[in-house]
Amino acid sequence: MPKGKGPQGKRITLKVAKNSLRVLFNGRRRLELSKMGIAVFPKCLLELADVEEIDLSRNLLRKIPNIIEKFQNLMWLDLHSNQIDELPAAIGTLKSLTYLNLCNNKLTIKGLPEELTHLRNLRTLNLGLNCLETIPTTLGALKELIELGLFDNSLTIIPKSVKKLPKLERLNVKRNPLPEFAKEEEPIDTIKRIESLYLVEKKDLCNSCLQTCQGERDELHKLENMTPEPPEKPNFSSLTTPNSTAMDNQEEWRIK
């Protein structure tokens, strides 16, 4: 078994964490720990609990411990693409948090604590690609929320308290079995458009995503290899030479 790895994933030391610390253009300090095979929240991060941003995306995390409450300066937390099925109540103590990305996890309604609504400064919350059949009506207490992602879940209703959030500008509920979207079928658009493009390595894709990408790539190659047929040339079978009829009658036209 490789050194530093075990049944709980890669072990992050304080030295590794310090080497992952970046200072952003706005002066904030960010811990960049994405794609490091982390399965357990590293306790050594408590030595760096005064950071403003943490990126733990694309790891193997299942739980976020209550020690997250020690990060009182935290304004930006990215936990997308893990295996998190439950958030701790202590998440509600992060009063400075404005950005929280929980996309592509295993969260259900039971995994969202009531204390989540204590994040009164939260402006962006991404809960897309989870296992949500419903969301708490208490999310309507997040009055500063500007962007809310709920796409690719199993939602059949969006609470009115959420729809009527005073500052909400972007609400993404695509690919949910919502009745209001089932009534009207969207027109078929033969042109595929994208809003964002993410470049990832092949090894970071799950099997289903990899198969989808390979299928689309194969279709693109088929189109590239197709040779367009040349346009048919007009056939003037009744003319012996081009403009022969015009040449025969040109004197008559001049007289007229």
Side-chain angles (χ1 to χ4, degrees), residues 33-35 38 41 53-66 68-69 71 74-182 194-196 198 200 204 206 208-209:
L33 299 170
S34 179
K35 297 192 297 183
I38 302 171
F41 191 91
E53 302 189 3
I54 297 179
D55 183 359
L56 278 165
S57 64
R58 298 187 177 96
N59 280 295
L60 305 171
L61 292 169
R62 293 183 180 275
K63 303 289 182 183
I64 302 299
N66 279 315
I68 194 70
E69 66 185 1
F71 296 80
L74 206 58
M75 303 176 68
W76 191 93
L77 179 58
D78 193 344
L79 297 169
H80 86 265
S81 301
N82 279 280
Q83 300 177 27
I84 300 170
D85 58 10
E86 184 180 5
L87 292 176
I91 195 78
T93 65
L94 305 179
K95 304 297 185 182
S96 299
L97 204 62
T98 61
Y99 176 95
L100 179 57
N101 190 351
L102 294 162
C103 175
N104 195 21
N105 278 284
K106 297 183 178 180
L107 289 167
T108 63
I109 183 68
K110 294 181 180 179
L112 299 179
E114 184 179 349
E115 288 78 7
L116 190 64
T117 60
H118 295 170
L119 303 177
R120 299 302 173 90
N121 290 310
L122 200 62
R123 297 179 181 177
T124 299
L125 175 61
N126 192 344
L127 293 169
L129 279 166
N130 275 282
C131 306
L132 297 169
E133 295 183 355
T134 183
I135 56 172
T137 57
T138 51
L139 287 184
L142 302 177
K143 303 298 184 183
E144 296 298 315
L145 208 59
I146 296 174
E147 184 173 5
L148 177 59
L150 297 172
F151 54 91
D152 291 289
N153 279 287
S154 301
L155 301 173
T156 56
I157 188 172
I158 305 297
K160 290 182 179 180
S161 59
V162 173
K163 290 181 178 180
K164 294 183 178 181
L165 282 167
K167 296 187 178 181
L168 192 63
E169 296 178 1
R170 293 180 292 277
L171 174 61
N172 189 343
V173 295
K174 293 180 179 179
R175 294 175 294 279
N176 279 282
L178 294 164
E180 56 262 45
F181 291 99
I194 59 173
E195 296 179 358
S196 301
Y198 298 93
V200 297
D204 295 325
C206 63
S208 60
C209 292

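Position 1 is the first residue of the sequence, and the numbers go up from there.
Taken from CZ in Arg58 to NZ in Lys35, the straight-line distance is 6.0 Å, to the nearest 0.5 Å. Within the model, atoms NE2 of His118 and CG of Leu94 stand 12.5 Å from one another, a figure rounded to the nearest 0.5 Å. For the atom pair CZ (Arg123) and CD (Glu169), the distance works out to 11.0 Å, reported to the nearest 0.5 Å.
Looking only at side-chain heavy atoms (C-beta outward), Leu100 and Thr124 stay at 4.5 Å or farther from each other. With a 4.5 Å cut-off on side-chain heavy atoms, Ile54 and Phe71 count as touching. Under the 4.5 Å side-chain criterion, counting only non-hydrogen atoms from C-beta, Ile38 is not in contact with Leu60. For the pair Asn101/Leu77, no side-chain contact is recorded, criterion being any heavy-atom separation below 4.5 Å from C-beta on. Residues Leu122 and Tyr99 form no side-chain contact, since every pair of their non-hydrogen atoms from C-beta on lies 4.5 Å or further apart. Proximity of Ile91 to Thr93: side-chain heavy atoms (C-beta onward) are nowhere separated by under 4.5 Å.
Annotation for His80 and Asp78: closest pair ND1-OD1, 2.8 Å, computed over non-hydrogen atoms. Arg175 and Asp152 get closest at one heavy-atom pair: NE-OD1, 2.8 Å. The shortest heavy-atom contact between Asn66 and Pro88 is OD1-CB, 3.3 Å. Between Ile84 and Leu79, the shortest heavy-atom distance links the atoms CD1-CB, 4.0 Å. The two residues Leu61 and Phe41 have their closest heavy-atom pair at CD2-N, 3.5 Å. The minimum heavy-atom distance linking Leu119 with Leu97 is given by the pair CD1-CD2, 4.1 Å.
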Hey, can you pull the donor-acceptor pairs under 3.5 Å for the side chains in residues 125-144, sequence neighbours left out?
unit_1	atom_1	unit_2	atom_2	d
Asn126	OD1	Gly128	N	3.0
Asn130	OD1	Asn105	N	3.3
Asn130	OD1	Lys106	N	3.3
Asn130	OD1	Leu107	N	2.9
Asn130	ND2	Leu102	O	3.1
Asn130	ND2	Leu127	O	3.1
Asn130	ND2	Gly128	O	3.1
Lys143	NZ	Gly140	O	3.1
Glu144	OE1	Lys167	NZ	2.8
Glu144	OE2	Lys167	NZ	3.3

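Around atom CD1 of Ile157, no more than 12 heavy atoms belonging to other residues, nucleotides or ligands sit under 6.0 Å away.
Salt bridge absent: Lys110 and Asp85 never bring a charged side-chain N and a carboxylate O closer than 4.0 Å.
Judged by distance alone, the side chain of Asn172 and the main-chain N or O of Leu150 form no donor-acceptor pair under 3.5 Å.
Using modelled atom types, one finds no donor on one side chain facing an acceptor on the other under 3.5 Å when comparing Ser81 with Ser57.
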task: Apply salt bridge (charged side-chain N to carboxylate O under 4.0 Å, His left out) to the pair Lys63 and Glu86, showing each step before the final yes or no.
output: CA-CA 6 Å; Lys63 303 289 182 183; Glu86 184 180 5; 3.1 Å; yes
